[in-house]
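Sending over a structure as structure tokens; questions will come in a sec.
Keep in mind that the numbers below use all heavy atoms, side chains included, and drop hydrogens, waters and symmetry copies. Below, chains carry the letters A, B, ... as their sequence lines are ordered, and counting in each starts from 1.
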There are 2 protein chains.
Amino acid sequence: MTDQKTVQPRFKRLAADDRAAELVQAGLAVLASGGITAFTIDNICKRAGASRGLIGHHFGGKDGLLAACYAAAYAPWFQMFNAGGTPPDLPDLIYELFTDRQFRRDGLNIWLALWGEIAVNAHLQAEHLRHYQAYETAIRQSVARFAQERSRQVDAANLATALIALLDGLWLELCIAPGLMNTHKARRAVMALLEPHLGPLA
Amino acid sequence: MTDQKTVQPRFKRLAADDRAAELVQAGLAVLASGGITAFTIDNICKRAGASRGLIGHHFGGKDGLLAACYAAAYAPWFQMFNAGGTPPDLPDLIYELFTDRQFRRDGLNIWLALWGEIAVNAHLQAEHLRHYQAYETAIRQSVARFAQERSRQVDAANLATALIALLDGLWLELCIAPGLMNTHKARRAVMALLEPHLGPLA
DNA sequence: TTTCTTGTTGAACGATCATATAGCAATTGC
DNA sequence: GCAATTGCTATATGATCGTTCAACAAGAAA
């Protein structure tokens, strides 16, 4: 009979936070590839190599996991736009958003799936609104500072509104018409909005 | 015993096309209020006051119904942007898109739900791409004609790309942050993009 | 080596899902 | 009044869904 010591462990115990993070990453991967209808307990556990009971244990259930996925998707943005911090320089921001690393279909598919849920889920929508307002404030301040540095008079609030919508729309286009959208086209579209008001950005 | 004549009919027979149209309308209503996860045979039949077997009978199943819903959602756009017809005047188009009748959350929720599915459903995405290219052509021609009439030199393709993305982004914003977006803000955002390139539109 | 902590599994359960289809029944035609 | 047409119901079926939880087991501590 096999020595107990040589038996392969059935699973590896992780710290609670580590396991939760793995499940969130699996959830994001499932959203990226299959959208919100693929976001099921079975799909996520298969992806994470874990058992279905863990979702209830760590998140209280599927809805809690989705909320955690939203928070994880938002975390990089939160760092970038956190109220109280200095908003990024506008050219740096635009540059960064349209690198191949950021302007990627799978990552933006996550947002498209989440938007679909935010539209009909009051709980998620309330949380999104809090983040959105911080984001809008940061973008508006970036625009205002850039204009002021170049002695340009602009309606920063309106330009921020238009910029935010344009960014979201370009993301959406990459998801639903990927062959027709790329970083080059996206950058030029953004410049078409900003440069007449702010002058050259590059 | 009750006379046969006075018995209330159990259901009303409709022409096949009429019943199919009702089911499509029910499907769109379900997408508008609950998103793609609420798009189930039971929800749609409850909404239509019909029996589940009709979905299979008229559409071959749920996927066929979703395709029909997409076609129905697209039909008004098809009329507006049909390749071969005259694209609308740009100011008329912008005016029309941001009336309270068109810029409405429930209608735009349908698109948000469909976009989520288009992103991950190859069949639907292929159909969408056909329509999208006709739409882009029409918008580009509207922009080009408007610019030409005012002796303005613009990159019509780039401006059309930006305009399409901005329109989609404004729709999206109405769905996910409805308290913060309205027709007035949306119009002004569009003008911020177009007027520096094309001159006054109103 | 034994005990303890708690992460984890995976099956049971009831609900919901989409499809298939026998047969009912509204309505028209003869 | 009866027959024909075909729209339509509603049930059966197997699969998938999310939640629950008893009990297992990895790994640390004593």
Side-chain angles (χ1 to χ4, degrees), chain A residues 1-27 30-31 34-69 113 117 120-121 123-124, chain B residues 2-27 30-31 34-69 113 117 121 123-124:
Chain A
M1 182 195 273
T2 317
D3 194 310
Q4 196 70 6
K5 281 194 294 182
T6 65
V7 164
Q8 202 80 347
R10 285 175 66 188
F11 56 89
K12 182 175 169 57
R13 279 181 75 122
L14 303 183
D17 283 354
D18 294 339
R19 179 67 79 182
E22 277 199 1
L23 288 165
V24 165
Q25 289 312 306
V30 160
L31 285 174
I36 195 68
T37 55
F39 192 78
T40 69
I41 304 292
D42 273 348
N43 280 348
I44 294 160
C45 289
K46 269 190 214 120
R47 182 85 193 205
S51 175
R52 41 186 30 263
L54 282 180
I55 307 286
H57 178 73
H58 286 289
F59 300 100
K62 182 182 166 184
D63 281 344
L65 176 58
L66 184 62
C69 287
E117 197 59 20
V120 297
N121 180 326
H123 207 272
L124 219 55
Chain B
T2 317
D3 193 311
Q4 197 67 11
K5 280 193 296 182
T6 65
V7 163
Q8 201 80 349
R10 285 174 65 190
F11 55 90
K12 182 178 169 58
R13 280 179 73 122
L14 301 183
D17 284 352
D18 294 340
R19 179 67 77 179
E22 277 197 2
L23 288 164
V24 166
Q25 289 311 308
V30 160
L31 286 175
I36 195 69
T37 56
F39 192 78
T40 70
I41 302 293
D42 272 352
N43 281 346
I44 294 160
C45 288
K46 267 188 215 124
R47 183 84 193 203
S51 174
R52 35 178 49 257
L54 280 181
I55 307 287
H57 177 72
H58 285 289
F59 300 99
K62 183 182 165 183
D63 281 346
L65 176 58
L66 184 63
C69 287
E117 196 60 21
N121 180 326
H123 207 272
L124 220 55

_Measure CG/D18(A) against P/dA26(D) and give the value in whole Å, please._
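To the nearest whole Å, that distance equals 19 Å.
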_In the structure I gave you, are the side-chain heavy atoms of T37(B) and F39(A) within less than 4.5 Å of one another anywhere?_
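No, too far: nothing below the 4.5 Å cut-off.
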*With D63(B), which residues qualify under salt bridge (Lys or Arg N to Asp or Glu O under 4.0 Å), at least two apart?*
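Once residues adjacent in sequence are excluded, D63(B) has no partner under the salt bridge (Lys or Arg N to Asp or Glu O under 4.0 Å) criterion.
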_Once side chain to side chain contact (heavy atoms under 4.5 Å, CB included) is applied, do any residues pair with N121(B), and if so which ones, sequence neighbours excluded?_
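In terms of side chain to side chain contact (heavy atoms under 4.5 Å, CB included), with neighbours along the sequence ignored, N121(B) is linked to E117(B), H123(B), L124(B).
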*Between dT20(D) atom C1' and D63(A) atom CG, what is the distance in whole Å?*
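Spelled out: CG on D63(A) to C1' on dT20(D) is 16 Å.
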*asked:* Tell me every residue that passes side chain to side chain contact (heavy atoms under 4.5 Å, CB included) with A26(A), counting only those two or more places apart in sequence or in another chain.
replied: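 Per chain and number, A26(A) pairs via side chain to side chain contact (heavy atoms under 4.5 Å, CB included) with I44(A), R47(A), A48(A).
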_Where R52(A) and I41(A) come nearest, the two heavy atoms and their spacing_ =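 Smallest heavy-atom distance, with atoms named: CB-CG2, 3.7 Å.
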*What integer distance in Å separates I44(B):CD1 from dC17(C):P?*
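To the nearest whole Å, that distance equals 10 Å.
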*Using atom CZ of F39(A) as one end and atom C1' of dT16(D) as the other, report the distance to the nearest whole Å.*
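Answer to the nearest Å: 16 Å.
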*salt bridge (Lys or Arg N to Asp or Glu O under 4.0 Å) pairs, two or more places apart, involving residues 14-23 of chain A*: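 Listed by first then second residue: R19(A)-E22(A).
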_Restricting to side chain to side chain contact (heavy atoms under 4.5 Å, CB included), what partner residues turn up for S51(B), sequence neighbours left out?_
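S51(B) satisfies side chain to side chain contact (heavy atoms under 4.5 Å, CB included) with no other residue.
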*Protein proximity profile, nucleotides 4-11 of chain C - base contact B, sugar-phosphate-only contact S, no contact -, cut-off 4.0 Å on heavy atoms*: -BBBBBBB
*How close or far is atom C1' of dT16(D) from atom CD1 of I41(A), stated in whole angstroms?*
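For the pair I41(A) CD1 and dT16(D) C1', the rounded distance is 12 Å.
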*Atom CG of L65(A) and atom P of dT19(D): how far apart are they, to the nearest Å?*
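Value for this atom pair: 10 Å.
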*Between V24(B), L66(B), L54(B), which is the residue that forms a side-chain contact (heavy atoms from CB on, under 4.5 Å) with F59(B)?*
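Going through the options one by one, the only one that passes is V24(B).
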*Rounded to the nearest angstrom, tell me the gap between atom CG in N43(A) and atom P in dG18(D).*
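So the CG-P distance, N43(A) to dG18(D), works out to 9 Å.
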*Residues in side chain to side chain contact (heavy atoms under 4.5 Å, CB included) contact with A16(B), at least two apart in sequence or another chain*: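 Partners of A16(B) by the side chain to side chain contact (heavy atoms under 4.5 Å, CB included) criterion, ordered by chain and then number, come out as H58(B).
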Could you list the protein-to-nucleotides 28-30 of chain C atom pairs, N/O on both sides, closer than 3.5 Å?
none

*May I have the distance from D42(B) (atom CG) to dT16(D) (atom P), rounded to whole angstrom?*
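Between P of dT16(D) and CG of D42(B): 18 Å.
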